[in-house]
Amino acid sequence: MRVRYAPSPTGDFHVGGARTALFNWLFARHHGGRFILRIEDTDRKRYNPQALQWLLDGLRYLELDWDEGPEVGGGYGPYVQTERLEIYREHCGRLLEAGAAYRCFCTPERLQELARQAQQRGERGGYDRACRNLDPEEAARRAEAGEPHVVRFKMPLEGETTVHDAIRGDITFPNAVLQDTVLMKSDGIPTYHLANVVDDHLMEISHVLRGDEWVNSLPLHIHLYRAFGWEPPVMAHLPLILNPTGKGKMSKREERAPDGSVRPVFVRTFQELGYLPEAMINFLALLGWSYDDKTEIMSRQELIERFTLERVQASPAVWNYDKLDHMNGYYIRQLAPEDLAGRLVPFFEKAGWKADREKVLQIVPLIRERIKRLSDAVAVADFFFLEKLPPYDAAELIPKKGDAAMALAALERGREALGKIEFTREAIEAALRGEAEKLGIKAGQMFHPIRVAISGRKVSPPLFESLEVLGKETSLARIGEAIAKLRGASGA
RNA sequence: GGCGCUAUCGUCUAGUGGUUAGGACAGGGCCCUCUCAAGGCUCAGGCACGGGUUCGAAUCCCGUUAGCGCUACCA
């Protein structure tokens, strides 16, 4: 079995595309087939030279390896469509010769006018097939003379076309609504339809798994295969991914909110935010596919073993960031501490901190249950790395049902007690609890000011462990700063 | 507008004629607890509507409605 993922390099690698790639990849790996990557760059206007790199990087991040395609080659190349132009021209010629297609000399202006008139009538009608009945020999002469033209496919005018989709079953279209679609543009570059069909055949693709937005062009594709005298591959249209709002296809753009947060839609952004490839794969696999009534967490290997087309959903799926975050958090917690530490280091370094592995390894147990994305660790663990704590208000130091005097007492007694002990988790806890008791305050009221003093925040990783990792010197210094801040604020 | 696809908790889904309609995320509560998490227990929440077929429909058929997609010399 041979399947392909055939993206168009027009922009950033989108999660919708990643899902399509993943289903093809899982299908190939499950059946021991080949996964082919083909670049469909026939749209010169929207071509983006960075897109290919984004795509390749994204596939590598997700660990979706391709057996044939760019960089790896293969026996059916080239795998970039603009390097195959001669092949399409030759095949287009065959269609022309067989009378299955015709040259159309209608100008863009005429087409526009046609559309305008249709709209005036409240219709949407397409091309009027004015050139369909031109004498082929005369048309050939005009083309020879250099007259600009496109090549259109001759769709049947009457009756209906029934096509088969492996997921949806038979689908029937009245031929009257089908268009004489352009196969070859006036610049000699084929449209998607021609190039795609020709390549899928020549590359011996056995199963086409693509997005649902293509079902309406399936009749054209099937007629193309027939016109060439080819057997079409098994066609399967995957359910679309919808926006979290449920309104429309998943957005192709991501905008940064004023606070810098993003709702990622590009694979690159998910990677930058610290989504684990194993979580992405697992989540994406469940978007339009399921294994049974209980199992959701599945390794790459399990996914490969279990993936079948039969269990692919026909209905569209709404993207759910909460579920992805949950899953990513789960996978983060499953990571061995050394592994997690290694993955965290780049994020800390990007924040500008000296993050040696040893230190990160100490921090990992304190934060692994508190992050959903690797990048979250930066905000959670900042106080371990920062030389100077970000400014906070003295009022933050005051515990619940307490006042400045209580905070001050807790800090002063805490500092004194901590100064006298060996800095281990157990000793720290014992010392702090002891002081709380002596002061006649609740343990929480004792811990709160110290937490804020060492982390600069009301919410932090576990206090005793944090103190231990921070070390005696830094801890006492920060408590000292808090005392000074509190004294200053109380107007002394 | 036309054509096509789809329709089970808010969301992802299990379910293929007989089930107390199951699970997960999100939400509520309780437990654990130094904050926040994580974890455990638990509650609430659904077969779009209307007709058939059948002894019996979430499951099969038809219609309605709704959502989405396509309707380019873009893919």
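Since the model is a prediction, treat every value here as computed from it, not as a measurement. Every chain is numbered from 1, with letters handed out A, B, ... down the list of sequences. What you see below is based on every heavy atom in this structure, not just the backbone, and it leaves out hydrogens, waters and symmetry mates.
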Any chance the rings of Trp66(A) and Tyr79(A) have centres within less than 6.0 Å? no
How far does the P atom of A57(B) sit from the matching atom of G1(B), given to the nearest Å? 35 Å
Could you check whether Lys442(A) gets within reach of a base, just the sugar-phosphate, or nothing at all, counting any heavy atom under 4.0 Å? nothing
Find which nucleotide of RNA chain B each of Glu465(A) and Lys294(A) is nearest to by heavy atoms, and output the residue with the more 5' nucleotide. Lys294(A)
Closest to the Arg425(A) side chain: C34(B), U11(B), A14(B)? C34(B)
Could one point to a donor on the side chain of Glu369(A) or the base of G39(B) with an acceptor on the other under 3.5 Å away? no
From the list C70(B), A75(B), C12(B), which nucleotide is the closest neighbour of the side chain of Thr191(A)? A75(B)
Whole-Å P distance, U8(B) and U13(B): 9 Å
For A38(B), does either OP1 or OP2 sit under 4.0 Å from a side-chain N or O belonging to Lys372(A)? yes
C34(B) -> Watson-Crick or G-U wobble partner, both distances under 3.5 Å, gives none
With sugar-phosphate meaning primed atoms plus P, OP1 and OP2, does Gly211(A) contact a base, only sugar-phosphate, or nothing at under 4.0 Å between heavy atoms? nothing
Searching all strands shown, indicate the nucleotide that pairs with U71(B) (Watson-Crick or G-U wobble; both distances under 3.5 Å). G1(B)
Pairwise P distance for G46(B) and G67(B), with rounding to whole Å: 22 Å
Between Ser251(A) and Asn243(A): side-chain donor-acceptor atoms closer than 3.5 Å: no
Do any side-chain nitrogens or oxygens of Ser290(A) fall under 4.0 Å of OP1 or OP2 in A14(B)? yes
Are Arg457(A) and Phe383(A) in a cation-pi setup, meaning NZ or CZ lies under 6.0 angstrom from the ring centre and within 45 degrees of the ring axis? no
Report yes if a side-chain nitrogen or oxygen of Gln313(A) is closer than 4.0 Å to either non-bridging phosphate oxygen (OP1 or OP2) of A14(B); otherwise report no. yes
With a 4.0 Å cutoff (strictly under), does any side-chain N or O of Lys400(A) reach OP1 or OP2 of U35(B)? no
Can you find a side chain N or O atom of Lys323(A) that sits less than 4.0 Å from OP1 or OP2 on A24(B)? no
Quick check: are there more than 12 heavy atoms from other residues, nucleotides or ligands sitting under 6.0 Å from CD of Gln119(A)? no
Check whether the side chain of Arg370(A) and the base of C36(B) form a donor-acceptor pair under 3.5 Å. yes
Students often get this wrong, so: under 4.0 angstrom with heavy atoms, is Phe464(A) touching a base, only sugar-phosphate, or nothing? base
Aromatic contact, Tyr5(A) with Phe23(A) (centres under 6.0 Å): no
Check whether any side-chain N or O of Arg333(A) sits under 4.0 Å from OP1 or OP2 of G39(B), and answer yes or no. yes
Can you find a donor-acceptor pair, distance only, under 3.5 Å between Ser186(A) side chain and C73(B) base? yes
Answer with base, sugar-phosphate or nothing: what part of the nucleic acid does Leu240(A) contact at a heavy-atom distance below 4.0 Å? sugar-phosphate
Closer to the 5' end of RNA chain B via nearest nucleotide, is it Gly288(A) or Leu111(A)? Gly288(A)
Ring-face cation of Lys458(A) near Tyr392(A) (centre distance under 6.0 Å, axis angle within 45°): no
Taking the same atom, C1', in A75(B) and in C25(B), what whole-Å distance lies between them? 33 Å
Do the side-chain N or O atoms of Thr42(A) get closer than 4.0 angstrom to the phosphate oxygens (OP1, OP2) of A75(B)? yes
Using only side-chain N and O atoms of Arg311(A), determine if any of them is under 4.0 Å from OP1 or OP2 of G15(B). yes
